[in-house]
Amino acid sequence: MQATSDQIIGLTKLQHVDLSIAQLERRIDALPQKQGIAEAREKRSAIQQKRRALLGARKDAETQIASLREQEQAQAEKLEAAQRAIEEAAGDYRVATARSAELEEISQRQAEIADQIASIAARLADIEGMEPQIDAMLSRLDEREAALVEEYRREGGALLAKIGELKGERAQLVETVGADIMAVYDRIARAKQGVALAHLVDGACNTCRTKIDPSKVLVLRSEYPLSQCPHCGRLMVVDKRYAG
C-alpha cells in the first residue's frame, strides 16, 4: 500500500491519539459520580412512584369520606323526619312502633357510617403523615444528586477538555494520513475495538502476536512501507529495515 513517511508517522500518532481518547472516555464512564447519579435518579423515580400512589390513596380516602358525610347527613335528616312523625302521631301505637323501629335502623346505620369515617380518617392521617417523610427523602436525594453532578462536572470536565484537545490533534492527523488510508483505518478500527495499526517486528505482528510465515513476510516487505497483517487484518507498518 502506497504511503509517504509523513503518512506513516501520522498513522502511528493517530493510533496513539485514538487509544488515548478511548482510555479517557472509559475513565469518564467509570467515574463513581456517574453511578451515584444514576442510583440517585433510580431511587427518586421509585419514591416519586410511591408518592403518586399515596396521593391517589389520599384522594380516594377524601372522596370516600365526603361520600360518607353525605350519607351521614341523609341519615340525620331521616332521623329527624322519623322523630317528627312520632311526635305528630299523637300516641298512635302502630305509628310509634313503626317509627321506633325505623329510628333504631337509622341509628345503627349512623353508627356504621361513623365507624367507616373513623377508619378511613385514620388511614388518611397515616397517609398525610408519610407525605412529609417522602418529601424530605426527595429533598435529600436532590441535594445528593446536585453534589454528585457538581463533582462529575469538575472531574469529568477536565477529562472532556483533554478529549477535546486530542480530537483537535486527530483532525490534523486525519488530513496528513489522507482519505484513502483513513477509510481503511476507520473500517479496521471499528472491527478491532479501536486498534487498527500493527508493526512488523522480527517476523511477527506486534499487535496480534502471531508469527508470520517467511514467505508472507517477503510479501509484506515488498509492500513497504504499509501493508496488512495476514492474520488479524490490521494495517501493518513495515519499518525501513525490513524493506525488501
Side-chain angles (χ1 to χ4, degrees), residues 24-161 163-164:
L24 290 171
E25 289 175 341
R26 286 194 296 271
R27 286 178 60 187
I28 290 175
D29 288 338
L31 285 174
Q33 295 88 349
K34 187 173 182 179
Q35 179 65 26
I37 291 169
E39 290 174 356
R41 290 176 178 173
E42 185 177 352
K43 288 180 181 177
R44 180 189 293 104
S45 178
I47 293 172
Q48 286 174 335
Q49 184 175 357
K50 185 175 182 179
R51 195 182 193 288
R52 287 192 293 270
L54 279 176
L55 179 61
R58 177 161 62 83
K59 288 183 177 179
D60 287 344
E62 290 171 345
T63 300
Q64 289 173 351
I65 288 177
S67 176
L68 288 168
R69 292 294 186 195
E70 291 177 359
Q71 295 178 43
E72 190 177 45
Q73 178 62 33
Q75 294 300 316
E77 291 173 359
K78 285 182 180 181
L79 183 66
E80 183 179 349
Q83 289 173 336
R84 189 166 54 249
I86 291 174
E87 292 171 0
E88 292 173 352
D92 188 320
Y93 176 76
R94 287 177 299 177
V95 172
T97 300
R99 290 299 184 179
S100 294
E102 184 180 354
L103 285 174
E104 185 177 349
E105 183 179 342
I106 292 170
S107 296
Q108 184 177 351
R109 178 56 184 154
Q110 283 181 317
E112 291 173 355
I113 291 172
D115 287 343
Q116 289 179 308
I117 290 174
S119 176
I120 296 172
R123 187 166 75 247
L124 182 60
D126 289 340
I127 292 170
E128 291 174 342
M130 292 176 66
E131 288 177 344
Q133 299 175 25
I134 289 178
D135 289 340
M137 291 171 66
L138 288 172
S139 179
R140 288 194 295 271
L141 277 174
D142 287 342
E143 293 174 2
R144 173 62 176 161
E145 182 181 342
L148 288 170
V149 167
E150 181 60 30
E151 291 176 12
Y152 181 75
R153 285 176 177 169
R154 185 169 59 252
E155 295 187 29
L159 296 174
L160 287 171
I163 288 174

Participant: Is it the case that over 12 heavy atoms from other parts of the model lie below 6.0 angstrom from the CZ atom of R144?
Facilitator: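 No, CZ of R144 has 12 or fewer neighbouring heavy atoms, counting only those of other groups under 6.0 Å.
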Participant: Would you name the heavy atoms of I28 and G156 that are closest together and state the gap between them?
Facilitator: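 That would be CD1-O, 4.3 Å.
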Participant: CD of E77 to CG of L79: how many Å apart, nearest 0.5 Å?
Facilitator: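 CG of L79 is found 11.0 Å from CD of E77.
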Participant: If you round to the nearest 0.5 Å, how far is CD1 of I120 from CD of Q116?
Facilitator: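 CD1 of I120 is found 6.5 Å from CD of Q116.
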Participant: Do other residues, nucleotides or ligands put more than 12 heavy atoms under 6.0 Å from the CD atom of Q48?
Facilitator: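 Yes, because the 6.0 Å sphere around CD of Q48 holds more than 12 heavy atoms from other groups.
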Participant: Between T63 and K59, is there a donor-acceptor pair closer than 3.5 Å when you use the side chain of the first and the backbone of the second?
Facilitator: yes
Participant: Out of curiosity, K43 NZ to E145 CD, how far, rounded to the nearest 0.5 Å?
Facilitator: 12.0 Å
Participant: Return the CD to CG distance between Q110 and L103, rounded to the nearest 0.5 Å.
Facilitator: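 That separation rounds to 9.5 Å.
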Participant: If you round to the nearest 0.5 Å, how far is CE of M137 from CD1 of I47?
Facilitator: 3.5 Å
Participant: How long is the straight-line distance from CG of L31 back to CZ of R153, given to the nearest 0.5 Å?
Facilitator: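 Here the interatomic distance stands at 14.0 Å.
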Participant: Ignoring hydrogens and angles, state whether a donor on the side chain of Q75 or Q71 is under 3.5 Å from an acceptor on the partner side chain.
Facilitator: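 Side-chain D/A pair, Q75 to Q71: absent.
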Participant: Near E128 CD, under 6.0 Å, is it more than 12 heavy atoms from other residues, nucleotides or ligands?
Facilitator: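 Counting other residues, nucleotides and ligands, CD of E128 exceeds 12 neighbours.
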Participant: Give a yes or no on whether a salt bridge exists between R109 and E112, defined as a side-chain N under 4.0 angstrom from a carboxylate O.
Facilitator: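 Yes, this pair counts.
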Participant: Take atom CD in E80; do more than 12 heavy atoms of anything else shown fall under 6.0 Å from it?
Facilitator: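 Counting neighbours around CD of E80, 12 or fewer heavy atoms of other residues, nucleotides or ligands fall under 6.0 Å, so no.
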Participant: Taking the basic N atoms (NZ, or NE/NH1/NH2) and the acidic carboxylate oxygens, is any pair closer than 4.0 Å for R58 and E62?
Facilitator: yes
Participant: Does any non-hydrogen side-chain atom of R69 lie less than 4.5 Å from one of Q73?
Facilitator: no
Participant: Check L148 against G36 and note the closest heavy-atom contact, atom names and distance.
Facilitator: CD1-C, 3.5 Å
